Amino acid sequence: MRMATWNVNSIRARVDRVTDYLIREDIDVLCMQEIKCREHQFPFDAFTAVGYEVVMHGLNQWNGVAIASRLPMTDVERDFPSMPGFGEPDADGVSPLEARAIGATVDGVRFYSLYIPNGRELDHPHYTYKLEWLRGLARDTAGWLAGSPELPLALTGDWNVAPFDRDVWDVAEFAGSTHISPLEREAFFAFEALGLRDVVRPLVPEGYTYWDYKQLRFPRNEGMRIDFIMGSPAFASLVEGARIDRDERKGDGPSDHVPVVVDLAVDSEFGDEYDRPMIFG
DNA sequence: ATGGCGAGTGGTACTCGA
């Protein structure tokens, strides 16, 4: 099985690039973030035309996550139990939930497509929200793994955290900014304390996954490494290859993020017909 | 060439992003 995670920055603006990529790169499961649409706006037909089912979670023009798969998906879950909301509270004092998490199981592997809040500024309520969001996810992940220690689980997506100084082109540029602060890094590394690990970094030690559209960031290779596939021990043991598809930042109409890909040694329970679907008739 | 931001929206001015 080959899976990827990709912050697509609007699926409607990027649908041709995404479906072309799925076919060209032989991707079985794609976790997408920032789809930026509601369900009635999602281009499902473009995915079904090339042999993929899609499950999605989108409430408005912001955020939004989805999973496309050419193998059957089960146990689809939006949000997670400890996920906090953000913004104007309702009459009961509860802030509304945002569309930032969706999970599905494919061939016995549990995938989550996650769009961690940005944080905006260190003194902004969004920063507190980001930390509570990550801590809530860690709490629920601990519960999932306590119940199923052998579960192949991958928390994938745009983490909006640069765990190491080398994950930004110039750490001095980020002094006093989000993404590199000790509390964000602590919230990120808490997942390693639960036994999860970044399954890509050992195989791809160098490279960014995001370059801002502004200020020639890509031509100058001034980027950030903030998109990760964090795997449970059982998931990590399945990984047999990884890459960051930097070329997807090139050409006309790219996302500002690129796909992060892993190959998994999963024996499909669905048989050979799913290995090369007859997508062109 | 990888080239100076781009996506969304009761829009032509604003929010959001990292």
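The structure presented is a predicted model; accordingly, all values stated were derived computationally and were not measured.
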For DNA chain B, the residues among residues 219-227 of chain A that have a non-hydrogen atom under 4.0 Å from it: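 The stretch gives A/P219, A/M224, A/I226 as the residues lying under 4.0 Å from the strand, ordered by number.
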Measure from [atom1] on [X] to [atom2] on [N] and round the result to the nearest Å.
{"X": "A/K130", "N": "B/dC16", "atom1": "NZ", "atom2": "P", "value": "16 Å"}
{"X": "A/E98", "N": "B/dG17", "atom1": "CD", "atom2": "C1'", "value": "13 Å"}
{"X": "A/F228", "N": "B/dA18", "atom1": "CZ", "atom2": "P", "value": "13 Å"}
{"X": "A/N9", "N": "B/dA18", "atom1": "CG", "atom2": "P", "value": "8 Å"}
{"X": "A/R217", "N": "B/dG4", "atom1": "CZ", "atom2": "C1'", "value": "11 Å"}
{"X": "A/K36", "N": "B/dT9", "atom1": "NZ", "atom2": "P", "value": "10 Å"}
{"X": "A/F174", "N": "B/dA18", "atom1": "CZ", "atom2": "C1'", "value": "7 Å"}
{"X": "A/L216", "N": "B/dT2", "atom1": "CG", "atom2": "P", "value": "14 Å"}

Determine the contact category for [X]: base if any of its heavy atoms lies under 4.0 Å from a base atom, sugar-phosphate if only primed atoms, P, OP1 or OP2 are that close, otherwise nothing.
{"X": "A/Y210", "answer": "sugar-phosphate"}
{"X": "A/R12", "answer": "sugar-phosphate"}
{"X": "A/D158", "answer": "sugar-phosphate"}
{"X": "A/G119", "answer": "nothing"}
{"X": "A/N118", "answer": "base"}
{"X": "A/Y115", "answer": "sugar-phosphate"}

Mind checking whether A/Y208 and A/F218 have ring centres under 6.0 Å apart?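 Distance test on ring centres: not under 6.0 Å, no.
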Between A/F86 and A/W133, ring centroids under 6.0 Å: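 No; A/W133 has its ring centre 6.0 Å or more from that of A/F86.
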Closest approach of A/G119 and A/H124, non-hydrogen atoms and distance?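 Scanning both residues completely, I find the closest heavy atoms to be O-CB, 4.0 Å.
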Considering all heavy atoms, the nearest A/A101-A/L114 contact: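 Reported closest heavy-atom pair: CB-CD2, 3.7 Å.
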Go through [options] for me and flag the one nearest to the [X] side chain.
{"X": "A/R100", "options": "B/dT2, B/dA18, B/dG17", "answer": "B/dG17"}
{"X": "A/Y213", "options": "B/dT2, B/dG6, B/dT9", "answer": "B/dG6"}
{"X": "A/W62", "options": "B/dA18, B/dT2, B/dG8", "answer": "B/dG8"}
{"X": "A/Q215", "options": "B/dG6, B/dC5, B/dG17", "answer": "B/dC5"}

Separation between the [atom1] atoms of [N] and [M], rounded to whole Å:
{"N": "B/dG11", "M": "B/dC16", "atom1": "C1'", "value": "15 Å"}
{"N": "B/dT12", "M": "B/dG8", "atom1": "C1'", "value": "14 Å"}
{"N": "B/dT9", "M": "B/dG4", "atom1": "C1'", "value": "26 Å"}
{"N": "B/dG10", "M": "B/dG6", "atom1": "P", "value": "23 Å"}
{"N": "B/dC5", "M": "B/dA18", "atom1": "C1'", "value": "13 Å"}

Any [X] side-chain N or O less than 4.0 Å from OP1/OP2 of [N]:
{"X": "A/R14", "N": "B/dA7", "result": "yes"}
{"X": "A/H257", "N": "B/dA18", "result": "yes"}
{"X": "A/R120", "N": "B/dG17", "result": "yes"}
{"X": "A/N160", "N": "B/dA18", "result": "yes"}
{"X": "A/Q41", "N": "B/dT9", "result": "yes"}

Each residue besides A/L122 in its hydrophobic cluster should be listed here, by chain and number; the cluster joins Ile, Leu, Val, Met, Phe, Trp and Tyr at side-chain heavy-atom distances under 4.5 Å.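 Once heavy-atom contacts under 4.5 Å are chained together, A/L122 belongs with A/Y127, A/L131, A/L183.
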Determine, stepwise, if the pair A/F164 / A/F188 fulfils ring pair (Phe, Tyr, Trp, His ring centres under 6.0 Å). CA-CA 11 Å; A/F164 301 98; A/F188 179 85; 8.0 Å; no
Is it true that the side chains of A/S113 and A/Q33 contain a donor and an acceptor less than 3.5 Å apart?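 Short answer, yes.
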Start with the C-alpha distance between A/Y112 and A/W144, add both sets of side-chain angles, then the distance that settles ring pair (Phe, Tyr, Trp, His ring centres under 6.0 Å), and finish with yes or no. CA-CA 12 Å; A/Y112 264 88; A/W144 298 330; 5.0 Å; yes
Would A/N7 and A/Y210 count as a side-chain hydrogen bond (donor to acceptor under 3.5 Å, both in side chains) here? Give the steps. CA-CA 9 Å; A/N7 179 323; A/Y210 162 87; over 6 Å; no
If you assign A/S10 and A/N7 each to the DNA chain B nucleotide with the nearest heavy atom, which residue ends up on the more 5' nucleotide?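 That would be A/S10.
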Taking O4'-C1'-N9-C4 for purines and O4'-C1'-N1-C2 for pyrimidines, is B/dG4 syn (within 90° of 0) or anti?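 In terms of base orientation relative to the sugar, B/dG4 is anti.
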